[in-house]
2 protein chains.
Amino acid sequence: MDIDWDDLKTILAVVREGTLGRAAQGLGVNYTTVARRITRAEEALGQKLFERLTEGYRPTDIGLLAARHAEQMEQHQNALMRQLQGRDETLRGPLVITAPQILLNLHLVHVIDRFCTLHPEVDLSVNSANDLVDLGRRRADLAIRVSANPGDALKGLRLCDQHTAAFASPEIARRIAQAPEAATGWIVYDQTKGVPEAALARNRRAFVRARFDDMIAMIGAAQAGLGVVRMPMFIGRGTPGLVQVPVMEPSPYAPIWAVAHADVWPGAKVSAFRALLRAYFREHRRVFAA
Amino acid sequence: MDIDWDDLKTILAVVREGTLGRAAQGLGVNYTTVARRITRAEEALGQKLFERLTEGYRPTDIGLLAARHAEQMEQHQNALMRQLQGRDETLRGPLVITAPQILLNLHLVHVIDRFCTLHPEVDLSVNSANDLVDLGRRRADLAIRVSANPGDALKGLRLCDQHTAAFASPEIARRIAQAPEAATGWIVYDQTKGVPEAALARNRRAFVRARFDDMIAMIGAAQAGLGVVRMPMFIGRGTPGLVQVPVMEPSPYAPIWAVAHADVWPGAKVSAFRALLRAYFREHRRVFAA
DNA sequence: GTCCATGCATGCGTTTTCGCACGCATGATA
DNA sequence: TATCATGCGTGCGAAAACGCATGCATGGAC
């Protein structure tokens, strides 16, 4: 009465994903293999771990219990892999970084370019993601993030402070220059309350023209002349077809950090990338501040 | 860059055992398989995990690091298996018990006999061991132990209190009866200091004739007339060729416990065995006390 | 009602893994 | 020095695991 550790890993994947297919995808095997492993595990334990439904595999109590423990095992496996990586002193092999899309487009591509030239043996993967990537579970080795602090269990290097300001198309900028008191239409981010306080302070008639849930789309909207957008300085300055408009005082914004799990932090590849980041942002820091 | 969980298990086994062969034995596979898995893991990590020496495999720092984490994973796997067992309500499948050799021979065999009759579908394994068996690591499901308390993380049922007394062959008993003041030779357990205090209180001339490190051998020595042996009442009474000799006051001894890991305790098979133990020892408790 | 997408079960041929037998190296022993 | 025990490496045939293709069941869209 014992169970294969890989079968436990498989059970965890199926509990997480809900179907054989998605679990198989995550595990990098065919879904029939997943089905067979589950069956084998059930036979080994003499217990049903899942109910077979048409919409997928639903875990039984016992399946959930097994998954909980498998999760613990996964954490230890992750810890091991992180520590191995942290003591890896070679500049070879895989390295995964993640960063916000816009920051990548406008700046990090240059850092990446240089890194690939300096360290051609590193297999660099770039994960352009706007949501937070789980560094503890090794979805990435190094993350470039815009936030107030690195977060718990993570180490961080503060790369650069930022300001935001208002940007719009040249056409709109001209109209504002001609009639500063006229009502100005804003494009705002979905989650924000409305027109920035700093803008209302200068023009009480500022109003929300539209709400977007995606920053890239907002930039496009600004370029197309839909309205004024508040955005980090580096975006406005780095995007063609946008000019800064003096409808609000530039205000401080969350700084840019390079963060990694403390285990991974000392690794050669992560250190090397960090060094290039530091140099780049030191050189270009004026682009990010008012 | 990821590692197979079963390979981690294999690494742990090799670190523990030192050679491929012994590790393979513990894992229940051929040693060539172990060698292959180690090689595969090293290739996956790009790091050497062991040095190949003629006397076996010696782990590198990285190998030890991996083994440490694998050990953590093993603990979680054990916890899972225990919990599954604890909620198993069937009276089928494997059950492993461990008990001191002598207790098995003289009494537990009857409990086992009855258990096998009542629950023929249980595959009962009996581990006759005098050293403590690790219940946390599932070397046994239920242990019958002679000790003051069950121990941490374990649940216990106090089966019976015990006394010890002095026993010897009839020949020696006759001599003692004839000359109670004569010097009496004792056989004592290796670790004890010498003749029991309670014996010296009655006869100052009692002396150690020999020291043994094994209780079975001491019983044989007593039967053969080598000397007086202090032993639990149930052994002296249950062994042919031995009689109690009044050279010491019977003294309290550690009680007999049925112990199991708290996770396993509620399992049907463990509960059933425990019930029989309780009944048996209640019925025969006078054999164990003075 | 038909069509399609999703997801599982099954059979078959292939790939991978495994166990076994043999050979080699090393160290202890007589 | 000859012999034996222990332990590892390697090649080959067997066994197990795997991927793929096909078929079935269910539920939603038109």
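Order of the sequence lines sets the chain letters (A, B, ...), proteins ahead of strands, with each chain counted from 1. This is a predicted model, so every value here is computed, not measured.
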Which residues in residues 7-18 of chain A have at least one heavy atom lying under 4.0 Å from any atom of DNA chain C?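 Close to the strand, none.
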Residues in ring pair (Phe, Tyr, Trp, His ring centres under 6.0 Å) contact with His69(A), at least two apart in sequence or another chain: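 Once residues adjacent in sequence are excluded, His69(A) has no partner under the ring pair (Phe, Tyr, Trp, His ring centres under 6.0 Å) criterion.
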Does Thr19(B) reach the main-chain N or O of Gly56(B) with its side chain, forming a donor-acceptor pair under 3.5 Å?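 Side chain of Thr19(B) to backbone of Gly56(B), a donor-acceptor pair under 3.5 Å: no, none is there.
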Whether the side chain of Arg211(A) engages the backbone of Thr192(A) through a donor-acceptor N/O pair (distance < 3.5 Å, no angle test) should be reported.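 Checking the backbone N and O of Thr192(A) against the side chain of Arg211(A), a donor-acceptor pair under 3.5 Å is found.
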N/O contacts under 3.5 Å, protein versus nucleotides 9-13 of chain D?
residue	atom	partner	partner atom	Å
dG9(D)	OP2	Tyr57(B)	OH	2.8
dG9(D)	O6	Tyr31(B)	OH	2.3

On a heavy-atom basis, which atom in [X] and which in [Y] lie closest, and how many Å separate them?
X: Val188(B); Y: Gly194(B); answer: CG1-O, 3.7 Å
X: Val133(B); Y: Ala129(B); answer: CG2-CB, 4.1 Å
X: Asp2(A); Y: Arg138(B); answer: OD1-NH1, 3.6 Å
X: Leu80(B); Y: Ala66(A); answer: CD1-CA, 3.6 Å

Within 6.0 angstrom of Arg87(A) CZ, more than 12 heavy atoms from elsewhere: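 Result for CZ/Arg87(A): enclosed.
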I need the [atom1]-[atom2] distance between [X] and [N], as an integer number of Å.
X: Glu51(A); N: dA25(D); atom1: CD; atom2: P; answer: 20 Å
X: Asp6(B); N: dA16(D); atom1: CG; atom2: C1'; answer: 14 Å
X: Phe50(B); N: dC8(D); atom1: CZ; atom2: C1'; answer: 14 Å
X: Leu53(A); N: dG27(D); atom1: CG; atom2: C1'; answer: 14 Å

Walk me through it: do Arg37(B) and Asp6(B) pass the test salt bridge (Lys or Arg N to Asp or Glu O under 4.0 Å)? CA-CA 8 Å; Arg37(B) 288 194 191 154; Asp6(B) 276 317; 5.6 Å; no
For residues 33-59 of chain A, which residue pairs pass the ring-ring contact (aromatic ring centres under 6.0 Å, His included) check, not counting sequence neighbours?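 Residue pairs with at least one partner in residues 33-59 of chain A: Phe50(A)-Tyr57(A).
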Pairs satisfying side chain to side chain donor-acceptor pair (under 3.5 Å), at least one member in residues 38-47 of chain A, at least two apart: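 Side chain to side chain donor-acceptor pair (under 3.5 Å) check on residues 38-47 of chain A returns Asp7(A)-Arg40(A), Glu42(A)-Lys48(A), Glu42(A)-Arg52(A).
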Span of DNA chain C in contact with chain A (heavy atoms, under 4.0 Å):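 With heavy atoms of chain A under 4.0 Å away, the range is dG7(C) to dT10(C).
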Would you indicate, yes or no, if dC18(D) has its OP1 or OP2 atom less than 4.0 angstrom from a side-chain nitrogen or oxygen of Arg37(A)?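 Arg37(A) to dC18(D) OP1/OP2: side-chain N or O found under 4.0 Å.
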